[in-house]
Amino acid sequence: MTVYASGRPAVSTFTVPEYAERLKRALGGSPQQLLIDGKRFDSRSGETFETVNPATGEVLARVAKGNAADVDLAVSAARRSFEKPTWRRMNGYDRGNLLLRLADLIERDAEELAVLECLDNGKPARLTRLVEVEGAIKTFRYFAGWTTKFGGETLPVSPRGGAEILNYTTREPVGVAGLIVPWNYPLSMAAWKVAPALAAGCAVVLKPAEQTPLTALRLGELALEAGFPPGVLNVVTGFGDAGAALVAHPGVDKIAFTGSTEVGKEIVRACAGNLKKVSLELGGKSPHIVFPDADLDAAAIAVANGIFFNQGQTCTAGSRLYAHASCFERIVNAVGDIARKLKIGDGLKPDTDLGPLASQEQWDRVNRYVGIGRDEGAKLVTGGRRPPGLDGGYFFEPTVFADTTAQMRVVREEIFGPVLTALAWNDIDDLMEKANDSVYGLSAGIWTQNIKHAHRAAAALKAGTVWINCYNLVDPSTPFGGFKQSGWGREHGRQAMELYSEVKSVWVNLS
Ligand code: NDP
């Protein structure tokens with residue numbers, strides 16, 4: 001059963017296996033090298049690490065393990081290219097054309113990139129095509145438009161003494177940006193940061209997650225092919241220590257990070273050294289609220305989709321269901337039925353709904369939380385284990401817990417897997433208190449046909465995004481980010497351009 005949107009770009013069932021075989025052969029050769037200053041290098045230490053296909057547990061490729069020395073080289077390359085007139089003085093129209101060309105090249109290689117991401121991350125190829133690749137194309141095209149529209153303004157100042165003053169502001173690129181991305185949406189998270197950073201005129205060092213380094217390296221190569229000057233986009237693969245070296249580097253002016261709240265806090269502490277600018281997209285524990293007057297069939301599908309999409313490894317996953325007591329059983333049963341019908345398997349197969357979790361570590365984490373939920377007394381409606389017959393990879397059944405309470409750890413902590421906790425509500429004030437009772441504030445969903453309920457709830461929820469009668473819609477034109485410990489700043493839209501630029505106020509005495 002497919003609960004995901006259809007009718008959007010799909011991958012061809014004929015070419016997926018062909019690409020997969022070709023990619024596996026190519027990746028099985030020499031290690032994937034770092035991309036610094038437009039050239040491919042081994043890491044200074046010569047060390048490599050393995051990236052694994054989570055559907056099989058088999059090694060997919062060996063990858064250069066960058067460390068502080070490599071980060072230093074990449075930052076120097078970025079600094080040089082940032083200062084060179086070829087990039088620094090390039091006008092917005094030409095920068096926009098480079099971004100458009102990069103989008104075209106991603107589109108040219110869309111199927112190959114989709115299969116590569118499927119092999120490295122595990123999510124079904126039709127979804128990597130739809131979410132990762134199409135998302136990246138859209139993001140680069142969107143930010144290409146800002147290069148000719150993002151500027152300053154003229155302001156009506158009122159100086160003492162009646163001097164005639166012209167005051168205007170300009171926007172300048174912040175400088176060298178360190179971009180650290182996670183493994184759950186590798187290519188699209190990279191695009192969310194690289195596109196506005198380059199549109200603003202920054203030079204960047206991109207550090208992908210150790211679990212999913214491959215599409216970031218391809219993105220770097222495609223940027224060179226598009227004509228970006230060498231050193232404008234550098235890619236350093238490696239572990240958390242490479243990320244930490246980037247964060248601590250005095251030559252980096254800005255850090256943009258997506259990942260865990262815990263590492264986000266470490267980053268804030270580490271950025272204090274040179275007070276570099278920081279933006280953070282962190283965890284979530286989003287409430288998905290169903291009113292009794294909702295279209296209950298549509299709500300049940302959205303609740304299932306909201307938590308199970310990407311195997312629940314989504315920062316905005318609607319992981320806490322609050323359904324009104326009068327429809328609680330119906331919604332929970334419907335979500336349980338959908339969960340049991342979802343097809344779990346290798347993402348290379350055309351009918352797979354849920355692939356594996358991204359790593360053994362993630363499987364262990366989800367399994368541990370299911371044990372905690374059971375011990376806390378939550379009622380397991382469905383799932384909670386490895387699907388029978390799928391022993392090779394990191395597969396986990398979509399799981400629903402009912403009879404949960406606000407105090408349970410499974411309700412309070414981010415599991416980052418396909419695990420829904422469900423709670424019945426009666427009183428709207430009590431509901432809002434519970435929905436907001438979280439250290440996170442990334443997103444929330446509301447299902448109701450009553451316009452007053454919808455807008456009152458949207459206003460009361462402490463969340464960066466609220467979806468009404470829909471869930472998990474994102475678009476480059478609308479801001480994305482969190483309240484509370486879900487982050488600092490907003491990606492997408494004009495707000496993302498602001499993250500990668502400084503404002504300068506210029507005073508001209510005309511008297
Ligand atoms: P992390 O936050 O550790 O990793 C995210 C990125 O940060 C990776 O590129 C990672 O590198 C890098 N990194 C790790 N440590 C540091 C550091 N000290 N300084 C700079 N960069 C660093 O997430 P995990 O992969 O460990 O996942 C753990 C949990 O985080 C998940 O279970 C989930 O709850 C949450 N998470 C949330 C995400 C979101 O979208 N909000 C995305 C991913 C995870 P490396 O991969 O090499 O460690």
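Ligands are counted one by one from 1 in listed order, and the atoms in each one are counted from 1 as well. Here, residue 1 is the first one in the sequence, and each next residue gets the next number.
Heavy-atom proximity to atom 5 (C) of ligand 1, evaluated over F257, Y440, Y369, is greatest for F257. Remark: among candidates G259, G264, G243, the nearest residue to atom 21 (N) of ligand 1 is G243, based on non-hydrogen atoms. When the heavy atoms of S260, G240, P213, A209 are ranked by distance to atom 29 (C) of ligand 1, first place goes to S260.
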Begin with the C-alpha distance, continue with both residues' side-chain angles, and end with the deciding distance and a verdict on side chain to side chain contact (heavy atoms under 4.5 Å, CB included) for R409 and Y369. CA-CA 8 Å; R409 282 184 65 193; Y369 268 108; 4.1 Å; yes
For L499 and K254, what are the C-alpha separation, side-chain angles and deciding distance, and is it a side chain to side chain contact (heavy atoms under 4.5 Å, CB included)? CA-CA 9 Å; L499 291 181; K254 191 221 153 41; 4.2 Å; yes
Step by step, work out the side chain to side chain contact (heavy atoms under 4.5 Å, CB included) result for I344 and L390. CA-CA 9 Å; I344 309 171; L390 284 174; 3.9 Å; yes
Going through the checks in order, is the side-chain hydrogen bond (donor to acceptor under 3.5 Å, both in side chains) test met by T314 and Y185? CA-CA 8 Å; T314 301; Y185 291 91; 2.6 Å; yes
Could you walk me through whether R44 and D72 pass the salt bridge (Lys or Arg N to Asp or Glu O under 4.0 Å) check? CA-CA 11 Å; R44 298 306 88 182; D72 192 43; over 6 Å; no
Candidate pair E413 and K285, rule salt bridge (Lys or Arg N to Asp or Glu O under 4.0 Å), full reasoning: CA-CA 7 Å; E413 297 174 18; K285 191 75 187 176; over 6 Å; no
Mind running salt bridge (Lys or Arg N to Asp or Glu O under 4.0 Å) on E361 and R365 for me, showing each step along the way? CA-CA 6 Å; E361 191 186 358; R365 178 189 172 102; over 6 Å; no
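For atom 12 (C) of ligand 1, the closest non-hydrogen atom of the protein is I180 CG2, 3.7 Å. Here the heavy atom of the protein found nearest to atom 39 (C) of ligand 1 is C315 CB, 3.6 Å. In terms of protein heavy atoms, atom 34 (O) of ligand 1 is closest to E414 OE1, 3.0 Å. Nearest protein heavy-atom contact of atom 44 (C) of ligand 1 is F416 CE2, 3.8 Å. Among protein heavy atoms, the minimum distance from atom 11 (O) of ligand 1 is reached at K207 NZ, 3.0 Å. The protein heavy-atom contact nearest to atom 22 (C) of ligand 1 is V263 CG1, 3.7 Å.
The protein reaches atom 18 (N) of ligand 1 closely, with a heavy atom under 4.0 angstrom from it. Within a 4.0 Å radius of atom 26 (O) of ligand 1, the protein has no heavy atom.
Checked by distance only, ligand 1 and V181 come closer than 3.5 Å through their nitrogen or oxygen atoms. Considering backbone and side-chain atoms together, P182 places no N or O closer than 3.5 Å to any N or O of ligand 1. Between E266 and ligand 1, at least one pair of N/O atoms sits closer than 3.5 Å. Note: no N/O pair closer than 3.5 Å links E361 and ligand 1 by distance alone.
Just one residue in the list N121, V63, L119 forms a side chain to side chain contact (heavy atoms under 4.5 Å, CB included) with T51, and that residue is V63. Of the listed residues (R412, R320, K484, K462), just one forms a salt bridge (Lys or Arg N to Asp or Glu O under 4.0 Å) with D437, and that residue is R412.
Between K277 and E502, at least one side-chain nitrogen of the basic residue sits less than 4.0 Å from a carboxylate oxygen of the acidic one, meeting the salt-bridge criterion. The existence of a salt bridge linking E221 and R218 is confirmed by a sub-4.0 Å separation between a basic side-chain nitrogen and an acidic carboxylate oxygen. Under the 4.0 Å criterion applied to side-chain N and carboxylate O atoms, E117 and K123 are not assigned as salt-bridge partners.
Atoms of ligand 1 found under 4.0 Å from any heavy atom of P208 (numbered from 1 in listed order, with element): 9 (O). The contact set between ligand 1 and N184, taken as ligand atoms under 4.0 Å from a residue heavy atom, comprises 40 (O), 42 (C). Listed by atom number, the atoms of ligand 1 under 4.0 Å from T258 heavy atoms are 5 (C), 40 (O). Each of the following atoms of ligand 1 lies closer than 4.0 Å to a heavy atom of Q362: 32 (O). For ligand 1, the atoms sitting less than 4.0 Å from at least one non-hydrogen atom of R365 are 32 (O), 34 (O), numbered in the order shown with element in parentheses.
Residues Q362 and Y394 have side chains that never bring a donor and an acceptor to within less than 3.5 angstrom of each other. In summary, the side chains of S43 and D70 do not present any donor paired with an acceptor at a separation below 3.5 Å, with no hydrogens or angles considered. Neither side chain, T212 nor D120, offers a donor N or O lying under 3.5 Å from an acceptor on the other.
The aromatic rings of W183 and F416 sit perpendicular, their planes meeting at an angle over 60°, well past the 30° parallel limit. Using the six-membered ring where Trp is involved, W467 and Y471 have ring planes that are tilted, between 30° and 60° apart. Between W192 and H492, the ring planes are tilted. Angles from 30° to 60° get that label.
When heavy-atom distances to ligand 1 are checked against a 4.0 Å cut-off, A270 has no atom that comes that close, whether in backbone or side chain. Counting heavy atoms under 4.0 Å from ligand 1, residue Q313 does not touch it at all. The parts of E210 lying near ligand 1 are both backbone and side chain, judged by heavy-atom distances below 4.0 Å. Of all the heavy atoms of E262, none lies under 4.0 Å from any atom of ligand 1, so neither backbone nor side chain is involved. Within the 4.0 Å heavy-atom criterion, the part of L282 lying near ligand 1 is the backbone and not the side chain. With a 4.0 Å cut-off on non-hydrogen atoms, W183 touches ligand 1 through its side chain and not its backbone. Within the 4.0 Å heavy-atom criterion, neither part of I415 lies near ligand 1. Contacts with ligand 1 closer than 4.0 Å are made by side-chain heavy atoms of Q211 only, the backbone lying farther away.
Put simply, no part of G284 is less than 4.0 Å from ligand 1, judged by heavy atoms. The closest approach between any non-hydrogen atom of Y185 and ligand 1 is not below 4.0 Å. Taking 4.0 Å as the cut-off, G238 counts as a neighbour of ligand 1 on heavy-atom distance.
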